Amino acid sequence: MGELVVAVRDFRTEILQALSRATGRPPASIVLETPRDRAMGDHAFPCFALAKERREPPPKVAASLAPLLSDLGPAIGLRATGPYLNFTVDRATLARELLPAIRSAGERWGGGQDGSGRCAVVDFSSPNIAKPLSVGHLRSTVIGAAVYRLLAHRGFRCVGINHLGDWGAQYGRMIAAFKLWGDPARLESDPIPHLHELYVRFHEEEGKDASGKLSAQARTWFKALESGEENEARALWRRLTDLSLREFDRIYSLLGVRFDFVRGESHYEKDLAPTIERLVAAGVTKRSEGALIVDLEDAGMPPCILQTAEGTTLYATRDLAAALQRKKEFDFWKALYVVGADQRLHFRQLREVLKRLGLPWAEDVVHVDFGLMQIRAEEGVEKMSTRRGKAVHLEELLRRSIDLVRGILREKNPDLADTEAVARAVGVGAVVFHDLKNARVKDVVFDWKEVLNFDGETGPYLQYTHARLCSILRKAPVAPDPAKTDFGLLADAGDLLPVLAEFPRAVAEAGDRYEPSILSTYLLDLAQRANGFYRDHRVIGEDEALMRARLLLVEGARATLRVGLGLLGVAAPEEM
RNA sequence: GCGCCCGUAGCUCAACCGGACAGAGCAGUGGGUUUCUAACCCACCGGCUGCAGGUUCGAGUCCUGCCGGGCGCGCCA
């Protein structure tokens, strides 16, 4: 068996089972919701469907059902309110079950082992080498890293892969440009900006070059690269990769992002020929205008192009090879691709081609898509483009955020022990949380004012709430201790307790739907309630029994915030 | 032209895959600190959920058609 999992008594399931007995329906078919207005109760059963079946008015059904639920026990109160049956868990009982469990779960609170034995491959970040990381790359990086942690928290084995864009015709251009105008000294001191300038220049001049000489040079260099020989092209390309990774790592470490494998597209170079052979042998390909394609017309899609008329491979070929290789190596339960929504068609095609190879796991290839990042332009908005210099550099954004936080800290908390570390945690946390706050599908228009706002529903707000709770625990004359706690004194804790109890469900749902924003929204709600508690109740200075009870609650809220923020990739400093 | 996605308060978003009176934050106005961090809290202001039909006991949520925006559509990634 796996490790011991800290179990929390699950009142929700108890209610579900009682309802099942009372109605004679399987628990899975019963909808139990959380009332919008929490004063109504912690859980609610809408009686409409049952009422229709029984041809009785819903309020009557609710009223007649209530007496049949006496086996729920004294800890769960119920009340028929109109067409709803509302359940409220006794606060003292909830506190007694929940708070000691949170405490002993530690870092693993909200997690579990329901993913054990299954492997999730998470393909995320995946920038192109020799180009600066822009805020456009942030989304894939932080969403992917969060999904990875959310699943790992529940016992899934996760494999994080940074699928670098390090192959293709563009690197022929890159090499050609460097050979023409490159400066070895600048390549050493200032690699990415230098390479990027060269690339932009090459693009411009290639466009103006009627003779086609530049394009021919680029093609020649890429052919040399693709030949597989240890030649000048390969040596240069390898150097580009190394220099790029050195730059990227600086930012990844700032973001606290790690990969299990950094494998660019070039990693699958040797698998390309066998992949094409396999597709041809399976009879799913055909020739069209000199290119090798998979015709997907009957699936309502444009063809998937595997090989150009010139014989070079494409993106789709490399992704097919990668998918096959990953299935073989990891035998994944799901292969997740955290890639922008502009590539939806590509991933639909990828699945369709895998399906035509007769692979039953084709549907386990999942595109975890997200909306595009746009930037304000002279008129309206436009897509971010590194090539046209219309991109905000990620490192600049992070640096400005950290600088701003550092200034605020010096003013508000001049006695802070390690201002620099906290400035980094909060500055980076603001940027990361901003990208995880909203549903993935939403397009984003980049706005400096918005990202660098630290008030309201922001990362710093969550961190601040956490720091204040830490402060109470730090200043208290005693440490929280479940054995010395009178849980009955927490009856006035409002909704904070039931909200804490929902944390595992928020983690599970965020993971199941590959949607970190579900956890973000949950944490904002939790923080608002924690701040409400802080406003209405003193902890230190109350008589000892009351203080002890409240300290344990504060500790539970603090732990939940810390673990939740950690899953999102946001640090939780104890002071700020 | 065809396909996919998105339209909720002035702005940015929630609304538990169909349920109770559509909720937060920002911006605006007015309040709150001899007491655990004011990056906080409270109050006010603000809505034909793009439009028109349909399904349903019940629709912001599902279906159809329009309108507006984004993205994609054979040798880029």
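The model shown is predicted, which means the values in this text are computed figures rather than measured ones. When reading the values below, keep in mind they use all heavy atoms of this one structure, side chains included, and skip hydrogens, waters and symmetry mates. Quick note on labels: first sequence line is chain A, next is B, and so on, each numbered from 1.
Between A:K52 and B:U56 there is no side-chain N or O to OP1 or OP2 distance below 4.0 Å. Side-chain N/O atoms of A:K442 include one lying less than 4.0 angstrom from OP1 or OP2 on B:A14.
When the P atom of B:C76 is taken as reference, atom CG of A:L306 falls 14 Å away, rounded to whole Å.
For the C1' atom pair drawn from B:A24 and B:A15, the interatomic distance equals 10 Å after rounding to whole Å. A distance of about 34 Å separates the P atoms of B:A43 and B:C6, rounded to the whole Å. For the P atoms, the distance linking B:U61 with B:U49 amounts to 10 Å, nearest Å.
The two atoms that bring A:A62 and A:G82 nearest to each other are CB-O, 3.5 Å, heavy atoms only.
A:R318 and A:T313 are linked by a side-chain donor-acceptor pair at a separation below 3.5 angstrom, with hydrogens and angles left out of the test. Between the side chains of A:H367 and A:Q343, no donor-acceptor pair of N or O atoms lies under 3.5 Å.
A:R318 comes within contact range of the sugar-phosphate backbone alone, with a heavy-atom separation under 4.0 Å but no base atom that close. Using a 4.0 Å heavy-atom criterion, one finds that A:L345 contacts the sugar-phosphate atoms exclusively. Nucleic acid contact for A:P35: base, since at least one base atom lies under 4.0 Å from a heavy atom of the residue.
Of the two residues contacting RNA chain B, namely A:T313 and A:S288, the nearest-nucleotide position lying further toward the 5' end is that of A:S288. RNA chain B is contacted by both A:L416 and A:A49; A:A49 maps to the nucleotide lying nearer its 5′ end (nearest heavy atom per residue).
Between A:W167 and A:W237, the two ring planes are perpendicular [angle over 60°; tilted spans 30° to 60°].
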